Amino acid sequence: MTLKVGIIGCGSIATHRHAPEYSSNPYTQIHLVYDPNPERAQKLAAQYGGQVAGSWEEVVHHPELAAISDCSTNEMHHIITTQALLAGKHVLCEKPMATTSEGAETILAAARASGKILMVDHNQRLVPAHQKARQLIAAGELGKILSFKTSFGHKGPEYWSANRTKGTWFFKKARSALGVAGDLGIHKVDLLRYLLQDEIVQVSAFADVLDKKDEQGQPIEVCDHMVCLLKTQSGAVGTASFSWSYYGDEDNSTILYGERGIMKIFADPQKDIEVVTAGGERAVYQIGAMQTNDAQTKSGVIDTFVEAIRTGTAPAVTGEDGLYALRIIEAAMESAATGRSVELFV
Ligand SMILES: NC(=O)c1ccc[n+]([C@@H]2O[C@H](COP(=O)([O-])OP(=O)(O)OC[C@H]3O[C@@H](n4cnc5c(N)ncnc54)[C@H](O)[C@@H]3O)[C@@H](O)[C@H]2O)c1
């Protein structure tokens, strides 16, 4: 049976991932799309099919739709995703799930009340090299993980967003809320939870506007850099760096330091995963590069979401995962604002 789907927000993530991946999924058909910028909605519909709606409410309440991708800007997720769930739709919500944990809890309550599938697009979990790394770690390849170092940085959303100017919503506090921390950082804190199967329990962070200027030439309203110290429940300690000002190759690397060796993931452009043991043995796993802003490949997110709907099973990234990641980022923001370390209770 074909599932009719709707897409709300027809900017870059809808254009690069959601629409093409629904289009290539054998079980889905794009039926309705909406964007407050009608040209973007028309362009997406012309390329991938579907009609253009006059409002997001029309999409949410459309009786024929089974599922919705919420690709709207951050400040709208807790409204649109909540209403879509309450209207009986399965929802794939973009990250960050909301701009506050209260917003994320509202979404979770709607998911529980409706019984519909809610997935949050922390797509780094679906990258084959990350899945392989998790298996190797769980199999004890590195022994106990003692420390880690993860980074996510590129040249900034003004080179990615549908509005490719310094006026992009990503730079506005009222819309993006969390700056680079909610854009890139949230992917990496979710990835750490996934790889380590451990919880982050303490965070210290610096967050600053080091470089980006808005359309008036003033420093942007949200952080463009964040550097965190993180401690896990099992006692591992590590660092996480997020930046919109890495003006060269994108950095999406993670290095894990264990009792028996080191695992480097995407740390070398020639090697997806390299494991180096304490005895000096080296193993390289070539499993496939991950998507970058300049080189989009299939993320597998839509196939995973659709599979969860079809089988009635929990999606690969749950609403609870989205909330945990957001809580870690909120704790990092609090630490940066107060200069104190913040504990998280799990
Ligand atoms: N999972 C990922 O790897 C990933 C990557 C990039 C962006 N994102 C997320 O996807 C979301 C969209 O980001 P983007 O990169 O496509 O940004 P974008 O600026 O390219 O597109 C956002 C679109 O949302 C539309 N919009 C604004 N207000 C709206 C509203 N009230 N209702 C519906 N649509 C509205 C805009 O007109 C625009 O077309 C953000 O939450 C972002 O964090 C996720």
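One-based numbering, in listed order, for ligands and for the atoms of each. Every value quoted in this text rests on a predicted model; they were computed, and no experiment measured them.
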Nearest protein heavy atom with distance in Å, relative to atom 42 (C) of ligand 1: K95 O, 3.6 Å

R40: numbered ligand 1 atoms lying under 4.0 Å from its heavy atoms: 36 (C), 37 (O), 38 (C), 39 (O)

V91 versus A84, closest heavy-atom pair with distance: CG2-CB, 3.6 Å

Check: H16 ring centroid to W160 ring centroid under 6.0 Å: yes

Contacting atoms of ligand 1, where contact means under 4.0 angstrom from a heavy atom of I8: 33 (C)

Salt-bridge criterion met for K144 and E259 (N-O under 4.0 Å): no

Candidate with minimal heavy-atom separation from atom 17 (O) of ligand 1, of W56, W169, Y34: W169

Side chain to side chain, D183 and K95, heavy atoms closer than 4.5 Å: yes

Nearest-contact summary for atom 12 (C) of ligand 1 - protein heavy atom, Å: C71 O, 3.4 Å

Side chain, backbone, both or neither: the part of T15 lying under 4.0 Å from ligand 1 by heavy atom: neither

Pick from M76, R164, R175: the one approaching atom 27 (C) of ligand 1 most closely through a non-hydrogen atom: R175

I13 N/O under 3.5 Å from ligand 1 N/O: yes

From N252, T254, V180, D251, residue fulfilling side chain to side chain contact (heavy atoms under 4.5 Å, CB included) relative to F152: N252

Min heavy-atom dist D35 to ligand 1 below 4.0 Å: yes

Interfacing atoms of ligand 1 (cut-off 4.0 Å, heavy-atom, S72): 11 (C), 12 (C), 33 (C), 34 (N), 40 (C), 41 (O)

Side chain to side chain, V60 and I8, heavy atoms closer than 4.5 Å: yes

Pair E343 + K231: basic N to acidic O under 4.0 Å: no

Residue part near ligand 1, for A162, under 4.0 Å between non-hydrogen atoms: both

Close-contact set for ligand 1 against R17 heavy atoms, below 4.0 Å: 1 (N), 2 (C), 3 (O)

Protein contact to atom 41 (O) of ligand 1 [nearest heavy atom, distance to 0.1 Å]: N74 OD1, 2.6 Å

Within-4.5 Å side-chain heavy-atom neighbours: R193 and D321: yes

Passing option when E307 is tested against D303, T304, T311 for side chain to side chain contact (heavy atoms under 4.5 Å, CB included): T311

Heavy atom of the protein closest to atom 15 (O) of ligand 1 (residue, atom name, distance): W160 NE1, 2.6 Å

Ligand-residue contact atoms, ligand 1 with H77, heavy atoms, under 4.0 Å: 41 (O)

Those atoms of ligand 1 less than 4.0 Å from some heavy atom in S161: 18 (P), 19 (O), 20 (O)

Side-chain donor or acceptor of D190 paired with backbone N/O of H187 under 3.5 Å: no

NZ or CZ of R310 within 45° of Y27 ring axis and under 6.0 Å: yes

Best match, S12, G9, P36: closest heavy atom to atom 26 (N) of ligand 1: P36

Closest candidate by heavy atom, reference atom 10 (O) of ligand 1, pool M97, E94, H187, E39: E94

Within-shell test, Q124 vs ligand 1, heavy atom, strictly < 4.0 Å: no

Tabulate below the donor-acceptor pairs under 3.5 Å that side-chain atoms of residues 68-79 make, not counting sequence neighbours, or state none.
{"residue": "S69", "atom": "OG", "partner": "H18", "partner atom": "ND1", "Å": "2.8"}
{"residue": "S69", "atom": "OG", "partner": "Y22", "partner atom": "OH", "Å": "2.8"}
{"residue": "D70", "atom": "OD1", "partner": "S72", "partner atom": "N", "Å": "3.1"}
{"residue": "D70", "atom": "OD1", "partner": "S72", "partner atom": "OG", "Å": "2.6"}
{"residue": "D70", "atom": "OD2", "partner": "T81", "partner atom": "N", "Å": "3.4"}
{"residue": "D70", "atom": "OD2", "partner": "T81", "partner atom": "OG1", "Å": "2.7"}
{"residue": "T73", "atom": "OG1", "partner": "E75", "partner atom": "OE1", "Å": "3.0"}
{"residue": "T73", "atom": "OG1", "partner": "E75", "partner atom": "OE2", "Å": "3.3"}
{"residue": "T73", "atom": "OG1", "partner": "R175", "partner atom": "NH2", "Å": "3.0"}
{"residue": "N74", "atom": "ND2", "partner": "S176", "partner atom": "O", "Å": "3.3"}
{"residue": "E75", "atom": "OE2", "partner": "R175", "partner atom": "NE", "Å": "3.1"}
{"residue": "E75", "atom": "OE2", "partner": "R175", "partner atom": "NH2", "Å": "3.3"}
{"residue": "H77", "atom": "ND1", "partner": "E94", "partner atom": "O", "Å": "3.2"}
{"residue": "H77", "atom": "ND1", "partner": "P96", "partner atom": "O", "Å": "2.8"}
{"residue": "H77", "atom": "NE2", "partner": "S72", "partner atom": "O", "Å": "2.7"}
{"residue": "H78", "atom": "ND1", "partner": "E75", "partner atom": "O", "Å": "3.4"}

Ring centers of H62, Y34 separated by less than 6.0 Å: no

Identity and distance of the protein heavy atom lying nearest atom 21 (O) of ligand 1: G11 CA, 3.2 Å

Which segment of H122 sits under 4.0 Å of ligand 1 when only heavy atoms are counted: neither

